[in-house]
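Read through the structure below, which is laid out as structure tokens, and then see the notes.
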Number of protein chains: 2
Amino acid sequence: MFTTIKTTKVYEQVILQIKAMVSDGSLKKGDKLPSERELSSQLGVSRASIREALRALEVIGLISCRQGEGNFVKENFDNSLFEPLSIMFMLNQSRPSEVFELRRVIEVETAALAAKTITDEELIELKELLGMMKDCENEEKKVKIDKEFHYKIAKASRNFLIVTILNTISTLIDSFIKDARAQILKNEGNKDIIDYQHQCLFNALSKRDSQEAAAIMRMHMELINENLIELS
Amino acid sequence: MFTTIKTTKVYEQVILQIKAMVSDGSLKKGDKLPSERELSSQLGVSRASIREALRALEVIGLISCRQGEGNFVKENFDNSLFEPLSIMFMLNQSRPSEVFELRRVIEVETAALAAKTITDEELIELKELLGMMKDCENEEKKVKIDKEFHYKIAKASRNFLIVTILNTISTLIDSFIKDARAQILKNEGNKDIIDYQHQCLFNALSKRDSQEAAAIMRMHMELINENLIELS
């Protein structure tokens with residue numbers, strides 16, 4: 001039996017090279033990459049190939065190309081997975097409910113993790129957000145605070161990958177249901193329940209009770225998902 | 001206040017155009033894309049820009065470029081998120097334990113979902129894999145069957161996004177711990193426990209018992225993660 005020989009394409013070699021620089025620490029977040037000309041002579045490949053590789057990394061969201069300044073490793077990868085995930089979503093003719101379900105799956109266990117690792121400072125910040133949400137009359141602002149509340153809980157899990165994936169999912173949901181959260185909050189009945197669930201979630205986190213935090217997050221996600229399925 | 005005007009780059013326009021074709025259904029999985037020349041004249045942009053956009057989509061794993069044949073939308077996106085996720089992982093100096101944790105978070109709830117949606121045929125397939133794992137003397141083969149067992153459970157959840165993310169995580173773990181599963185199975189004590197856990201997982205799925213399936217998957221993942229942390 002013959003095995004297929006994998007031919008490495010030139011742009012793949014360029015990406016491998018950049019990955020190696022990241023891996024050995026010579027390229028860090030925020031760093032400027034060598035110029036296209038430098039990369040081209042270092043690697044002995046055409047500038048067109050260098051440019052192809054750099055564009056690919058830009059689409060993925062790992063580097064940003066600033067006109068006249070050069071190429072930089074991004075500081076923040078919050079939306080790095082969005083482009084591939086959203087195209088995959090379309091090509092697979094996925095149901096929006098798959099995305100809601102994925103978010104539930106991750107957020108429930110993330111709340112459990114956060115209950116173990118959340119700091120006192122983070123609890124104070126969550127409490128502030130909770131107060132702001134209750135008092136807020138401006139719908140748009142309220143949606144922002146709501147997002148921030150969930151984001152802070154994810155961050156409290158101390159798992160960066162989880163934060164990134166949840167962010168991507170949230171952006172994906174917003175991309176196919178315009179103002180998803182705002183739509184749900186429109187319903188007066190939901191508003192009170194959601195405020196109450198946020199409060200209970202905060203209480204469970206304060207008690208560092210993983211099981212309770214997960215149970216409340218599950219109810220919270222189920223309420224939200226039911227409403228999103230109606231909208232989608 | 002001024003808001004920044006977002007300049008859309010040429011290659012971004014090309015990707016948007018391809019996304020639109022996917023979105024309206026004129027481009028499906030496995031389809032051949034228009035040639036670079038056609039795209040270039042249709043969109044009125046240079047072939048270099050077209051090539052940059054296509055390379056980017058290839059790196060993401062959404063299209064494959066076959067020498068002499070043209071560019072095709074992939075049939076299978078199992079590893080589409082691997083490249084961005086692995087580079088992000090390095091740039092963030094993430095701990096391997098974050099990846100193990102993410103897998104646990106997803107697999108536990110996925111087992112619960114699968115218990116609700118698994119078909120009789122899938123249960124028969126799982127039972128066969130279980131028998132093969134027990135009888136298997138070849139370590140390498142056993143690892144493959146083990147992966148297949150987990151993959152089938154994920155697929156039984158009927159959530160394609162979950163399957164893709166779990167696959168990516170599994171590849172990521174393998175990329176920094178060579179033969180991760182084989183290493184764990186080397187330990188004779190682990191082997192018996194893992195066989196037993198797989199059997200219990202199968203039983204819970206057969207009973208369509210979500211809670212039990214999740215609880216066993218949790219124990220299973222905890223055992224695996226403890227061992228992986230030692231190796232990493």
Side-chain angles (χ1 to χ4, degrees), chain A residues 7 9 11-12 15 18-19 22-23 25 27-29 48-49 51-62 65 67 73-74 77 80-81 83-95 97-99 101-102 104-106 108-110 112-113 157-162 164-165 169 172, chain B residues 7 9 11-12 15 18-19 22-23 25 27-29 48-49 51-62 65 67 73-74 77 80-81 83-95 97-99 101-102 104-106 108-110 112-113 157-162 164-165 169 172:
Chain A
T7 52
K9 295 175 184 176
Y11 78 88
E12 286 179 330
I15 292 179
I18 292 174
K19 276 177 85 167
V22 168
S23 178
L27 208 53
K28 291 190 196 71
K29 283 202 258 185
S49 299
R51 222 169 287 131
E52 283 176 8
L54 294 175
R55 282 311 83 80
L57 292 173
E58 194 181 5
V59 171
I60 296 177
L62 292 170
C65 302
Q67 196 69 42
V73 179
K74 278 205 173 176
F77 308 119
S80 303
L81 299 176
E83 195 71 37
L85 206 59
S86 69
I87 304 182
M88 259 169 45
F89 176 81
M90 288 190 297
L91 280 171
N92 276 287
Q93 305 179 290
S94 301
R95 294 162 284 119
S97 61
E98 287 181 43
V99 190
E101 202 170 64
L102 176 61
R104 182 185 61 71
V105 159
I106 302 180
V108 168
E109 283 289 316
T110 300
L113 281 173
S157 76
R158 302 280 170 273
N159 189 320
F160 149 81
L161 286 173
I162 289 178
T164 307
I165 290 182
I169 295 170
L172 194 57
Chain B
T7 53
K9 295 176 184 174
Y11 78 88
E12 288 179 328
I15 291 179
I18 291 175
K19 276 177 84 168
V22 168
S23 178
L27 208 53
K28 291 190 196 69
K29 284 203 259 186
S49 300
R51 221 169 289 132
E52 284 176 7
L54 294 176
R55 281 310 84 78
L57 292 174
E58 193 181 7
V59 170
I60 295 178
L62 292 170
C65 302
Q67 197 69 43
V73 179
K74 278 203 173 177
F77 308 118
S80 303
L81 299 175
E83 196 69 40
L85 206 60
S86 68
I87 305 182
M88 259 170 45
F89 177 80
M90 289 192 293
L91 281 170
N92 276 288
Q93 304 179 290
S94 300
R95 296 162 285 118
S97 61
E98 286 181 43
V99 190
E101 202 170 66
L102 176 61
R104 182 183 62 71
V105 159
I106 303 181
V108 168
E109 283 289 316
T110 301
L113 281 173
S157 76
R158 303 278 168 276
N159 188 318
F160 150 81
L161 286 173
I162 289 180
T164 306
I165 290 182
I169 295 170
L172 195 57

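Quick note: numbers below take in every heavy atom, side chains included, and nothing from hydrogens, waters or symmetry partners. Residue numbering restarts at 1 for every chain, and letters A, B, ... go by the order of the sequence lines.
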>> I need the residue from Glu58(B), Arg95(B), Lys74(B), Gln67(B) with the largest number of non-hydrogen atom pairs under 4.5 Å to chain A.
In response: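 The residue among Glu58(B), Arg95(B), Lys74(B), Gln67(B) with the greatest pair count is Glu58(B).
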Nearest atoms (heavy-atom pairs only) where [X] meets [Y]:
| X | Y | answer |
| --- | --- | --- |
| Glu101(B) | Ser157(A) | OE1-O, 4.4 Å |
| Leu113(B) | Val105(A) | CD1-CG2, 4.1 Å |
| Glu98(B) | Asn159(A) | O-ND2, 2.9 Å |

Chain B heavy atoms under 4.5 Å from [X]: which part of the residue, side chain, backbone, both or neither?
| X | result |
| --- | --- |
| Ile169(A) | neither |
| Leu57(A) | side chain |
| Ile15(A) | side chain |

>> I'd like to verify something: which residue of Lys29(A), Glu109(A), Arg158(A) has the highest number of heavy-atom pairs under 4.5 Å with chain B?
In response: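 Max contact count across the listed options: Glu109(A).
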> Is any side-chain heavy atom of Arg55(B) less than 4.5 Å from a side-chain heavy atom of Arg55(A)?
Replying inline: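 They are not in contact (no side-chain heavy atoms under 4.5 Å apart), so the answer is no.
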> Which bit of Val99(B) comes within less than 4.5 Å of chain A, counting heavy atoms only: side chain, backbone, both or neither?
Replying inline: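 Both backbone and side chain.
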